Protein chains: 2
Amino acid sequence: MALQTITQDALVESLFEIIRCHGYEGTTIALLSDITGLKKSSLYHRFPAGKDDMVKAVVQYVSAQLQQFIIAPLLEHQVPPEERFSTMLVTARGFYSAGNKNCLLNVLSLGEAKDDIKTLLQQDYTAWSAALSALAQESGLTPPEAAARAEHFLIAVQGALVVQRLTDNPLTFDNCMAYQQKQFFRQSDD
Amino acid sequence: MALQTITQDALVESLFEIIRCHGYEGTTIALLSDITGLKKSSLYHRFPAGKDDMVKAVVQYVSAQLQQFIIAPLLEHQVPPEERFSTMLVTARGFYSAGNKNCLLNVLSLGEAKDDIKTLLQQDYTAWSAALSALAQESGLTPPEAAARAEHFLIAVQGALVVQRLTDNPLTFDNCMAYQQKQFFRQSDD
DNA sequence: GACAATTTAACGAACGATCGGTATAATGTC
DNA sequence: GACATTATACCGATCGTTCGTTAAATTGTC
């Protein structure tokens, strides 16, 4: 096999950064070619089904990352719940570059991506939410209240990313996450 | 003057609905033409500077709507703060169709819209946030805490819209707003 | 009020550029 | 030489945009 100039993983990682920044319609094959350094034909060699194939590979890559570095650590029963939550916050902060990079869930659910791609995004959200809900239940909350906390937190994540992008205030995400950490484990009051 | 087949206001309203749904790159002149009923060349007659001109008109239209129906009522000093907040929630719910329609602030800040357009969006966010902050101060909060409440609320709005679009759960927005109303006027606890 | 001159709105057709995609030839490695 | 990979060239379709024209309403002049 001839030597690959770039590994598939590194390539998908590049595609991911472009798509999360430019969205589905804003991401053109020419742009992908420019940034990855691979000519169009090489991209089509790697992804025979074209643009949708590339997007789907990126979504699957992100799903795997989410599962491995966010969801799995959330379910580590030997670690205290508060510590697992803090670990997740650190990981998520890195994933979103302290709130300066967009979430693929927002970007691709807005665009005209195909339905099977949107289904994958929905599954990612559901998985993250379920892990958070399980964590909240471990800390003593009822199932419905745990589900509400999980949803509130993920709403805060998505909202903080939007607002930070809107305002250029680099502390929006961090401030919001610090507040959410307190809220997530607060005493039940409603 | 030759008779207009559609008023400028109705035209901009149509453009707004298309752009908030398809985003900047996803909105093509052909699509605008199909939905408004005006041919492409007629759209250029109304908006000589082209697509950016149309987008800017939409943003200015939304800014005016925001000012008139959201911000001004928030600052009506003769009405109790809680009532003004409730009124805003009703208006915002209609504006976002109970969470089923996107916010232009999110959609256009993601796309490759020109910088002057993004500046307008930023001003809209700032104006809304400032009005909320003033309201929170009226209800007895310190300026920094009032600003934090305003930001938290707008983060919740943006986040709820993203999550509802992601999950197809039609109650996400309403549930989130009901929770935020309680949070906005709660006793200071941090 | 009659009627030419002007302005406005809308249109069909076409522009160059770029879109996503596809051949086919050249390259490099074993 | 076999074969995976990359490069060159090209395709039809669509992108945003511009042009030239027509029809209708307004304005100016008598």
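In this text, all values refer to a predicted model and were calculated from it rather than measured experimentally. The sequence lines fix the lettering, A, B, ..., with proteins before strands; numbering per chain opens at 1.
- Axis deviation across the helix from dG1(C)-dC30(D) to dC30(C)-dG1(D) amounts to 30°, comparing end segments of five pairs, rounded to 10 degrees.
- Q67(A) meets the side chain to side chain contact (heavy atoms under 4.5 Å, CB included) test with I71(A); sequence neighbours excluded.
- Taking only side-chain nitrogens and oxygens, S42(B) comes nearer than 4.0 Å to OP1 or OP2 of dC11(C).
- For T5(B), a side-chain nitrogen or oxygen approaches OP1 or OP2 of dA10(C) to under 4.0 Å.
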Steps toward side chain to side chain contact (heavy atoms under 4.5 Å, CB included) verdict (V58(B), M54(B)): CA-CA 6 Å; V58(B) 165; M54(B) 305 178 203; 5.7 Å; no
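- At least one side-chain nitrogen or oxygen of H45(B) sits closer than 4.0 Å to the OP1 or OP2 atom of dA9(C).
- Applying the salt bridge (charged side-chain N to carboxylate O under 4.0 Å, His left out) test to K118(A) and every residue at least two apart in sequence or in another chain returns nothing.
- When the salt bridge (charged side-chain N to carboxylate O under 4.0 Å, His left out) test is applied to K114(B), the partners found at least two apart in sequence or on another chain are D52(B).
- Applying the side chain to side chain donor-acceptor pair (under 3.5 Å) test to pairs two or more places apart or on separate chains, those with a residue in residues 76-85 of chain A are E76(A)-Q78(A), R84(A)-E138(A).
- Of the residues in residues 32-39 of chain B, those lying under 4.0 Å from DNA chain C by heavy-atom distance are L38(B), K39(B).
- Remark: N102(A) pairs with V107(A), R165(A), L110(B) by the side chain to side chain contact (heavy atoms under 4.5 Å, CB included) rule, at least two apart or across chains.
- Sorted pairs that involve residues 107-136 of chain A and meet ring-ring contact (aromatic ring centres under 6.0 Å, His included), not counting sequence neighbours, are lacking altogether.
- In terms of phosphate contacts, R46(A) brings no side-chain nitrogen or oxygen within less than 4.0 Å of OP1 or OP2 of dA4(D).
- Comparing dG20(C), dC19(C), dT17(D) by their closest approach to the side chain of A30(A) singles out dC19(C).
- Scored by the ring-ring contact (aromatic ring centres under 6.0 Å, His included) test, F184(A) finds F85(A) as partners (sequence neighbours excluded).
- Applying the side chain to side chain donor-acceptor pair (under 3.5 Å) test to residues at least two apart or on different chains, the pairs with a partner in residues 40-51 of chain B are Q8(B)-R46(B).
- A heavy atom closer than 4.0 Å to some atom of DNA chain C occurs in T27(A), T28(A), I29(A), these being the qualifying members of residues 9-29 of chain A.
- Of the listed residues (E151(A), H152(A), E145(A)), just one forms a side chain to side chain donor-acceptor pair (under 3.5 Å) with R149(A), and that residue is E145(A).
- The side-chain hydrogen bond (donor to acceptor under 3.5 Å, both in side chains) test applied to D53(B) returns no partner, not counting sequence neighbours.
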